[in-house]
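This report concerns only the one structure given below.
All values derive from a computational prediction rather than experimental measurement. A, B, ... follow the sequence lines: proteins, then strands. Residue 1 opens every chain.
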Amino acid sequence: MLDKTYRPAEVEARHYRLWEESGAFAAGARAEARPFTIMMPPPNVTGSLHMGHALNFTLQDILIRFYRLRGRDALWQPGTDHAGIATQMVVERQLEAMGSSRHQLGREEFVRRVWEWKAESGDAIAYQVRRLGASADWARERFTMDEGLSTAVRKVFVELYRQGLVYRDKRLVNWDPKLHTAISDLEVDQREVSGKMWYFKYPIEGLEDQYITVGTTRPETMLGDTAVAVHPEDERYRGVVGKNCVLPLVGRKIPIVADTYSDPEKGTGAVKITPAHDFNDFEVGRRHGLPMVNVFDEDARLNESAPEAYRGLDRFEARARVVADMDSQGLLAKIEENPMVVPYGDRSGAVLEPWLTDQWFVDAATLATPAIEAVETGATRFVPKHWESTYFEWMRNIQPWCISRQIWWGHQIPAWYGPDGHIFVEMTAEEAHLAAAKHYGTAVPLTRDEDVLDTWFSSALWPFSTLGWPEPTPELERYYPTDVLVTGFDIIFFWVARMIMMGLHFMGEVPFRTVYIHALVRDEKGQKMAKSKGNVIDPLDLAEAYGSDALRFTLAAQAAQGRDIKLSESRVEGYRNFATKLWNAARFCQMNGCAPRAGFDPKACELALNRWIVGAVAEVGAQVTAALEAFKFNEAAGALYHFTWGTFCDWYVEFTKPVFSGPDESAKEETRAAAAWVLDQILHLLHPFMPFITEELWEQLAPAREHRLISAEWPEHVPALGDEHAAAEMDWLVRLISEIRAVRVEMNVPAAAKIPLVIKDASPVTAARADAHRDIIERLARLESVAFADEAPPKGSVQVVLDEATLVLPLADVIDIAQEQSRLAREIDKLGSEIARLDKKLANADFLAKAPAEVVDEQRERRKEFAETKAKLDEALGRLATM
RNA sequence: GGGCGAUUAGCUCAGGUGGUAGAGCGUCUCGUUUACACCGAGAAGGUCGGCGGUUCGAAUCCGUCAUCGCCCACCA
C-alpha cells in the first residue's frame, strides 16, 4: 500500500541511481531508431548550479525523456567548460588568500593546481545536475580541455590559420589592466557613469596667442596625442588645417588634420587624436599615417613615453595631474559635467583600456556569411523566432574576434616563433620544429606563443568535438547535426553564433536544426538573481524542500516563450501539492484494485463514464504531444495539470465511487481496468516533467513489470479515440452536479444532509437524456441524493426541491438553450456582417459600374439568401428565449 | 542613436490565425462523506496602460502616446 504522502527525498536518489546504473541514459542502444540529440550547454567548472541552469537542464531533460519515450535513440551529451578567465581567477584568489600567487608558482605548477581544483568542482556541478533528474549520457561526459577536445581545438586553429581566417595582428584591443589580458568585444560591459568633459587649449605653432580648443573625457591620454582633427568643411578652422600645434606638457608638435570623423556639432568641433588609446582615433591615425604613441604599460600606468613627471602614475592619478598642470598653465578652458559610457571588464570589473598589442584574431566576417544564410534559409531556426533578428543584427555587423588571452588556464595557442620572429602554426611542437628546419634549412630553437585561446573558441566546437572530431567517428556520423540546442539568450553571440560558424565551416552542416531560447530566471520581484543582492534562490534548496519534480514542473509551467520567469516559492509549493494529489489518486486506485490489466482495450469500454475518460485522455495526450513538439512547455504542463487534477481527480475518481460501492460486478471490473489504464497514461505523459514520482508509482502500482517507466513507450493518442456521445453525457452530468452544489451552498444545506432532489422534466430532449443517464444518475444518487419525480413538470424547466423549498433552476435543457442561444447569436452576427459587407458592395457605384451584370446579380442573390437565413435564425432565437 | 520585448484579478503570470476574459497563490464563506487538509465545495475581485483607427464585433490587427525592462553602438 502506498504511504499517505509522497516523500520525494527518499525516492529520488534511488531512482536516479537505478536509471543510471541500468544504462537508461545511454545513447546507442536503439541502433535502428532515429537519433535525437541535444548538446548540453557545458556549465563552467567554477560554478555552482543556479536557477538558470535548473531551467535549462529541466527543459532539455523534458525533451530528451519525451523523445526517448517516443522510441528515438536519444543522446544528451553532457560536459563542462574550462571557463578560462573565470576559473583562473578563482584559483588565483585562493592562492592570494594563502599569501601566494601564480607567478610564485610558475605556469606549470599553477596549471596543475587548477586541474586539481577542477576535479573537485567539476564533480560538484555534475552531482547538482543529476540531482535535478537530468538523464544525460554521463558515460560520454566531456570537458573542453580533454585530450580529444584539445586536439580538435588545435586542428581548427591550424586549419583556420592556413586558410587565412586566423591571423596575428597589432591592433587596439580591450585590455584588462587588472587581469593583464586582452578580451573580446563581447566581454566588455559598457556602463553609464557620470563624468566630466575637460576643454584644453592647444597653442598653434607660429600663431602667437592662438589656440585650438579640444574637448576630452580622458585628459591623461593627451600625453599620447599625435594630432588634432577638424572637419574638412568647418569654416572656423579652415585657416589652421595643415599647421601644427604644440602639445602642452609634452612639447611635441602635432598636425591639425582634416577628417570627417570630427563632428562640427560636437564640442568645439576640434578633437584630439590619440591613436594608441582610442578606437576611433586609431582609425583616424591610420588614415593620416599618424604615429601611435602608447603612453600606458600593462597596468595602465604611465610609461616612459610620457614625460618624466608622469611616469609610473596610475591613469587616474595622471588625469588629476594633467588637469592641474594644464590649469596652472592657463590652458584649461572649462570643465563640464558629462554623463559618459565607460567600458568595464565583465569578469574583473576593472575599467578597460584600449591598448595596442599583438593578438590573434578570427576573421569572423567571413565565417559569418554562411552562418547568416543558414538561418535565413531555415537550416537552423530559432524558437521563438524573434531572436533571429537579434542574431542577424549582430552577425551582419560582426567584428574580428580577438581570441588570444594572456592567461595560463586554457588551450595554449599552437604557434611557435623562429629566431627572426617567423611564425610556425602546427599541431605539435615536433611538427613546428620540422617545419622550422625546412624553412631555415637547419634545426633552430623555437619559442612557443605564451597565450591561450578564448574559452569560447573551444566551446564553439562543442557539437562536433564531443563526438570525436577530427576523427571520423560513428558518433559523428550518427548524431551530427544535432536536433535542438536549448539555451538562454545571453549567450546567443558568445556561443550559439560561433557554433553555427564553426559547425558550417568544419562539418559543412549546421550544428543544430533548432535553437530554443528560453527566458532568464529572476526572483519574484523581477530582479536578476545575483550573489551581491542576496536574492539567489538555490535550486537544490527548493528541490530538497519540495522535490525535484515540483521544481521541474514549476520551471516548465512558467517557460512561456518570450518572457522572463519570476520564480516564487509558492508556485513550487503548489506543484508539490500537485504531486501529492497525483500520489493520492494513485493510492485510491490501488485501494480499489485498479491494477493495470494486460490486454485492456480502452475502446471496448461500455460505461459512459469510462468511454468519456478514455476520450479525455486521448485529447490531453494529443495536446501534450503537440505542445512538446512545438516547445510549448507551459502548455503541455498546464494541460497535464488540469487534466490530472481537474478532470481525473475531481470528476472521474468521484464518479467511480458509486460504481465501486454498487452491485454491478461487470461495471466494477471495467472501471477498475479503465481507472488503472488512465492512471498509467497519466504517468507516461507526466514522466518527462516529473520523472521521479511517476517512476515510483509505476513501480509500486505494478511491481512485476519488466521495464521501467523511463524506457516505456510514449502513448501516441489520437483524439478520435474519444466518444462524442459519452463526452456530451458526462458534460451534462458535470453541469448538473455543479448546479446542485451551487444550490446546496446557496440554500445552506449541510453536506451530510440528504437532498431530495427532484428533477421534473417533460422536455423530450431532457427526458431522453435523463433516461439514458438513469443508471449513472441513480448511482450518483448515493453521492448527491438525486431522485426522479414521476409527475410532469412545467414545460422546459427543471425543478429542484430541497426540503420544502422549490427552486426553478437553469439545468440541462436550460443549459442547452443557453448554449444554443449563444451559438445562434454568433451565427446571426456572422450573417449580419456578411450582409453588411454585401450591402456596402452593392451600394458602391464604382462596383456596379465595373462589375459584369451576372456578378452583381450573384451578389444580390447571396444577399437575399443571407438575409433569409438571418431571419430564420432570429426567429429561432426568439423561440428559444421564450421557452 | 539603433533594435527587441513588456504593460491582463491584490501578487506571479497564461491567453496561434479577432467572437460572452483564465490559472496558481492570496482573501472570504462552508465542509473532518474511508485517495488526498500538501484536501473538497463555493464566493468576491478585471473599463485587458492611455487615446485614436480598421471591423457587425478588438486583450487580440494598425497608428500614436506613456511607463518599464533588455540588447547593441565609436561619439570627443
Side-chain angles (χ1 to χ4, degrees), chain A residues 2 4-6 185-186 190 197-199 214-218 221 229 261-263 265-274 278-283 338 340-341 343 354 384 386-387 389-390 392-394 397 489-490 492-493 520 522 524-526 528 546 550 554 557-558 560 562-571 573-592 630 632 634-635 638 641-642 646 649-650 653-654 657 737-738 740-742 744-746 748-752 782-783 818 821-822 825-837:
Chain A
L2 293 169
K4 204 167 168 186
T5 27
Y6 170 63
D185 297 345
L186 286 175
Q190 303 280 1
M197 173 86 83
W198 288 269
Y199 289 89
V214 295
T216 181
T217 55
R218 299 208 50 200
T221 63
Y261 163 65
S262 178
D263 182 348
E265 309 286 315
K266 297 271 164 62
T268 61
V271 58
K272 65 193 251 336
I273 300 296
T274 323
D278 183 282
F279 289 100
N280 291 307
D281 294 5
F282 181 80
E283 294 304 322
N338 181 47
M340 52 192 262
V341 178
H386 71 258
W387 289 112
S389 36
T390 305
F392 288 138
E393 175 70 15
W394 188 68
N397 298 299
F489 59 79
D490 50 332
I492 290 179
F493 304 145
L520 224 59
R522 297 168 181 279
E524 55 194 324
K525 295 192 190 76
K528 204 166 171 175
Y546 301 104
T554 309
Q558 294 199 264
R563 212 196 298 218
D564 292 344
I565 295 178
K566 291 179 189 147
L567 191 78
S568 73
E569 195 164 332
S570 67
R571 198 81 189 242
E573 193 179 342
Y575 291 119
R576 186 274 316 269
N577 296 351
F578 174 60
T580 308
K581 186 77 179 173
L582 171 69
W583 181 262
N584 277 296
R587 190 159 170 265
F588 172 84
C589 290
Q590 194 185 42
M591 290 167 76
N592 286 285
K632 293 178 177 173
N634 58 325
E635 280 184 18
Y641 182 90
H642 288 114
C649 293
D650 286 350
V653 165
E654 292 305 328
K657 287 176 181 174
I737 292 170
S738 296
I740 293 169
R741 282 173 177 163
R744 189 155 65 187
V745 168
E746 197 174 311
N748 203 8
V749 179
R782 280 171 220 107
L783 191 68
Q821 272 179 334
S822 75
R826 238 159 97 179
E827 267 180 48
I828 289 170
D829 268 357
K830 265 187 193 160
L831 282 173
S833 82
E834 283 300 325
I835 293 171
R837 228 168 262 153

- Message: If I pick the P atom on B/C48 and the same atom on B/U34, what distance separates them, to the nearest angstrom?
- Response: 46 Å
- Rounded to whole angstrom, note down the C1' distance from B/U8 over to B/G49. 10 Å
- Query: Toward the 5' end of RNA chain B, which comes first, A/E393 or A/A586, by nearest nucleotide?
  - Reply: A/E393
- Taking the same atom, C1', in B/A23 and in B/G45, what whole-Å distance lies between them? 15 Å
- Nucleotide paired to B/A37 in any strand shown, Watson-Crick or G-U, under 3.5 Å: none
- Task: Looking only at side-chain atoms of A/Q558, point me to the closest of B/A76, B/C74, B/U12.
- Result: B/U12
- Message: Work out how far the P atom of B/G2 is from that of B/G15, and round it to whole angstrom.
- Response: 31 Å
- Message: Is it the case that B/C38 (base atoms only) and A/R576 (side chain only) share a donor and an acceptor within less than 3.5 Å, ignoring hydrogens and angles?
- Response: yes
- Under 6.0 Å between ring centres, would you say that holds for A/Y546 and A/Y575? no
- Query: Nearest to the side chain of A/D650, which nucleotide is it out of B/A41, B/C38, B/C70?
  - Reply: B/A41
- Query: Nearest to the side chain of A/M591, which nucleotide is it out of B/G24, B/U34, B/C39?
  - Reply: B/U34
- Please tell me which of the listed nucleotides, B/G15, B/A35, B/G5, lies nearest to the side chain of A/N634? B/G15
- What distance, rounded to whole Å, do you find between the two P atoms, one in B/G46 and one in B/C56? 31 Å
- From the candidates B/A35, B/C71, B/C74, the one with an atom nearest any side-chain atom of A/N280 is B/C74
- Note on the structure: From the candidates B/C74, B/C25, B/G24, the one with an atom nearest any side-chain atom of A/S570 is B/C25
- Item | B/G22 and B/A43, which share atom name P, separated by this distance in whole Å | 13 Å
- Does a distance-only test, which skips hydrogens and angles, find a donor-acceptor pair under 3.5 Å between the side chain of A/E654 and the base of B/A35? yes
- Evaluate the side chain to side chain contact (heavy atoms under 4.5 Å, CB included) criterion for residues A/K581 and A/N577: first the C-alpha distance (whole Å), next the side-chain angles of each, then the deciding distance (0.1 Å), finally the verdict. CA-CA 6 Å; A/K581 186 77 179 173; A/N577 296 351; over 6 Å; no
- Task: Have a look at A/T268 and say if it touches a base, only the backbone sugar-phosphate, or nothing, with a 4.0 Å heavy-atom cut-off.
- Result: nothing
- Task: State whether A/K581 places a side-chain N or O below 4.0 Å from either non-bridging phosphate oxygen (OP1 or OP2) of B/G40.
- Result: yes
- Expressed as a whole number of Å, how far does the C1' atom of B/U17 sit from that of B/U60? 10 Å
- P spacing across the pair B/U32 / B/A41, given as an integer number of angstrom: 15 Å
- Query: Closest to the A/T580 side chain: B/A35, B/C38, B/A76?
  - Reply: B/C38
- Say you draw a straight line from CD of A/E283 to CG of A/D278; how long is it, rounded to the nearest 0.5 Å? 10.5 Å
- Query: So which nucleotide from B/A35, B/A76, B/C39 ends up closest to the side chain of A/F588?
  - Reply: B/A35
- Touch check for A/T217, heavy atoms < 4.0 angstrom, all strands: base, sugar-phosphate only, or nothing? sugar-phosphate
- Task: Please answer whether the main-chain N or O of A/G269 pairs with a side-chain N or O of A/S262 as donor and acceptor at a distance below 3.5 Å.
- Result: yes
- Between A/M197 and A/Y6, which is nearer to the 5' end of RNA chain B once each is assigned its nearest nucleotide? A/Y6
- Counter-base of B/C61, judged by Watson-Crick or G-U geometry with both distances under 3.5 Å: B/G53
- Message: Just N and O in the side chain of A/N577: are any of them under 4.0 Å from OP1 or OP2 of B/C39?
- Response: yes
- Taking the side chain of A/T216 as heavy atoms from C-beta outward, which of B/C70, B/A76, B/U12 is closest to it? B/A76
- Counting any heavy atom closer than 4.0 Å, what does A/G269 reach on the DNA or RNA strands: base, sugar-phosphate only, or nothing? base
- Query: What is the pairing partner of B/A44, taking Watson-Crick or G-U wobble pairs with both distances under 3.5 Å in any strand?
  - Reply: none
